[in-house]
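The structure appears below as structure tokens.
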Amino acid sequence: MLIATWNVNSLKARLPRVTTWLEEVQPDVVCMQETKMNDAAFPALTFEEMGYSTAHFGQGQWNGVALLSKVPMKNVVANFAVGEPDHEARIITADCGGILVTSVYVPNGRALDHEHYQYKLRWMKQLRAHAEALTTPQGKLVIAGDYNIAPEDRDVPDPAKLVGQTHVSDAERKVLADLCGWGLRDVFRDHYQESKLYSWWDYRGGDFHQGRGMRIDLMLATQAVADKTSWVGVDRNSRKGEQPSDHAPVLMMVDA
DNA sequence: ATGGTGGCCCGGCCA
């Protein structure tokens with residue numbers, strides 16, 4: 001089963017590229033983020049014609065997450081599975097062919113002294129509670145999406161330049177490590193050790209072409225899933241060309 | 001230190 005995550009940065013703006021990509025790559029399950037539309041505007045029929053079941057949790061012009069699945073999808077949960085519901089559309093979960101799959105769009109944080117940063121830290125703690133509520137560390141769970149956190153210094157080009165900024169702070173990395181400590185593996189890191197492998201590049205300043213990005217789109221999987229993961233990759237080509245998202249898809253192949 | 005690009009939708013906000 002090929003599972004992908006992609007922050008599309010507006011599904012309305014990206015739909016032609018998304019459908020072309022689905023035809024080429026044929027992922028079985030897709031976690032999508034930043035659809036930036038209402039549920040009524042979500043092009044479910046377009047995806048259904050391509051063989052996908054869909055679930056969307058939107059709120060309008062910001063945020064919005066979705067799941068596409070070619071394998072039977074059931075038990076859809078919009079929002080957190082436990083605790084106070086988030087007031088923004090950032091998380092959706094479903095059972096896709098026996099694997100619990102959660103698509104997440106973690107709050108950006110904006111700045112270390114901003115209220116939004118505290119929201120981000122709280123959000124990550126609730127995400128751990130969400131995982132605990134869904135299953136045990138021995139279960140089959142993938143939480144994939146835009147975490148807006150670069151887990152380690154090797155996930156950014158120049159750590160010294162980012163001191164004092166979001167995405168790399170100790171507190172953010174700690175709440176991510178705490179989530180993984182529950183029983184999730186960063187499957188990309190199980191397969192690649194080198195630095196300078198990214199999933200997001202700012203539109204500005206020619207960052208993509210100059211290799212300035214961050215690895216902030218993560219696929220976290222319980223051990224049972226990670227053990228069956230034969231391949232992981234970032235589809236950099238999808239960051240090229242006309243009207244790209246600023247994120248590239250990340251993919252993992254889970255053997256039956 | 002700022003602003004750069006590109007979403008939202010048309011004046012800034014957000015990333």
Side-chain angles (χ1 to χ4, degrees), chain A residues 5-22 30-43 46 56-66 86-92 103-124 127 144-151 155-169 171-173 175-176 198-218 234-250:
Chain A
T5 182
W6 195 6
N7 180 325
V8 297
N9 185 20
S10 170
L11 184 55
K12 183 181 174 188
R14 215 67 59 211
L15 189 58
R17 288 201 61 139
V18 169
T19 53
T20 300
W21 179 82
L22 290 172
V30 181
C31 301
M32 201 179 291
Q33 300 87 37
E34 284 209 87
T35 59
K36 296 187 175 178
M37 58 177 51
N38 291 311
D39 290 342
F42 183 76
T46 300
H56 182 244
F57 179 29
Q59 71 172 74
Q61 69 206 55
W62 288 308
N63 309 312
V65 286
D86 191 9
H87 61 289
E88 299 184 335
R90 296 180 174 276
I91 177 168
I92 190 168
S103 174
V104 293
Y105 177 45
V106 177
N108 175 283
R110 298 184 190 172
L112 299 191
D113 60 356
H114 199 289
E115 190 282 327
H116 205 259
Y117 179 76
Q118 298 303 322
Y119 169 50
K120 182 180 195 173
L121 297 179
R122 288 196 306 274
W123 205 96
M124 285 296 294
L127 183 56
D146 178 0
Y147 280 78
N148 273 312
I149 300 171
D155 297 310
V156 301
D158 190 347
K161 283 186 179 169
L162 297 172
V163 172
Q165 297 188 32
T166 61
H167 295 60
V168 298
S169 73
E172 286 163 281
R173 286 174 169 175
V175 290
L176 177 61
Y198 308 128
S199 66
W200 167 85
W201 301 259
D202 199 301
Y203 286 121
R204 296 169 288 190
D207 278 11
F208 178 69
H209 300 285
Q210 298 188 54
R212 289 188 298 262
M214 280 190 181
R215 193 176 71 89
I216 57 176
D217 299 273
L218 310 177
V234 177
D235 177 17
R236 289 184 81 257
N237 286 336
S238 288
R239 182 61 179 79
K240 304 175 183 176
E242 293 290 311
Q243 294 184 295
S245 171
D246 46 353
H247 296 253
V250 182

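If you're wondering where the values come from, they're calculated on a predicted model, not measured in any experiment. The sequence lines fix the lettering, A, B, ..., with proteins before strands; numbering per chain opens at 1.
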Less than 3.5 Å apart, any donor N or O on the side chain of A/D235 or A/W21 sitting next to an acceptor on the other?
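Yes, side-chain donor-acceptor contact under 3.5 Å.
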
Are A/D207 and A/Y198 close enough that a side-chain donor and a side-chain acceptor fall under 3.5 Å?
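Result is no, nothing qualifies.
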
Nearest-nucleotide comparison on DNA chain B, the residue closer to the 5′ end among A/A13 and A/G109
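Mapping each residue to its closest nucleotide by heavy atoms, the 5'-most match is A/A13.
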
Map A/K12 and A/D202 onto DNA chain B by nearest heavy atom, then report which one ends up closer to the 5' terminus.
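Result of the comparison: A/D202.
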
[X] [atom1] to [N] [atom2]: how many Å, rounded?
X	N	atom1	atom2	answer
A/H247	B/dG7	NE2	P	13 Å
A/N63	B/dC14	CG	P	11 Å
A/M37	B/dC8	CE	P	9 Å
A/N7	B/dA15	CG	C1'	9 Å
A/R17	B/dG7	CZ	P	11 Å
A/N38	B/dC9	CG	P	10 Å
A/Q165	B/dA1	CD	P	11 Å
A/Y105	B/dG7	OH	C1'	10 Å

Would you say A/H209 has more than 12 foreign heavy atoms packed within less than 6.0 Å of its NE2?
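No, not enclosed.
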
How far does the [atom1] atom of [N] sit from the matching atom of [M], given to the nearest Å?
N	M	atom1	value
B/dC9	B/dA15	P	16 Å
B/dG12	B/dA1	P	26 Å
B/dC8	B/dT2	P	28 Å

Closest non-hydrogen atom pair, A/H167 against A/E172:
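Smallest heavy-atom distance, with atoms named: N-OE2, 2.8 Å.
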
Looking only at heavy atoms, what is the nearest atom pair of A/S245 and A/N7, with distance?
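That would be OG-O, 2.6 Å.
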
Does A/G213 offer a backbone N or O that forms a donor-acceptor pair with the side chain of A/W200 under 3.5 Å?
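No, A/W200 side chain to A/G213 backbone: no donor-acceptor pair under 3.5 Å.
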
Check ion pair A/K120-A/E88 (N to O, under 4.0 angstrom):
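Between A/E88 and A/K120 there is no salt bridge, as every charged N stays at least 4.0 Å from the carboxylate O atoms.
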
Look at the side chain of A/Y203 and decide which nucleotide, out of B/dT5, B/dC9, B/dA15, has an atom nearest to it.
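Taking heavy atoms from C-beta onward, the closest nucleotide is B/dT5.
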
Check every atom of B/dG7, B/dC14, B/dC9 against the side chain of A/Q243 and return the nucleotide holding the closest atom.
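Of all the options, the side chain of A/Q243 is nearest to B/dG7.
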
Does a nitrogen or oxygen in the side chain of A/R14 sit under 4.0 Å from OP1 or OP2 of B/dG7?
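Answer is yes, contact under 4.0 Å.
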
Sub-3.5 Å pairs of nitrogen or oxygen atoms, protein against nucleotides 2-4 of chain B:
unit_1: B/dG4; atom_1: O6; unit_2: A/R204; atom_2: NH1; d: 2.9

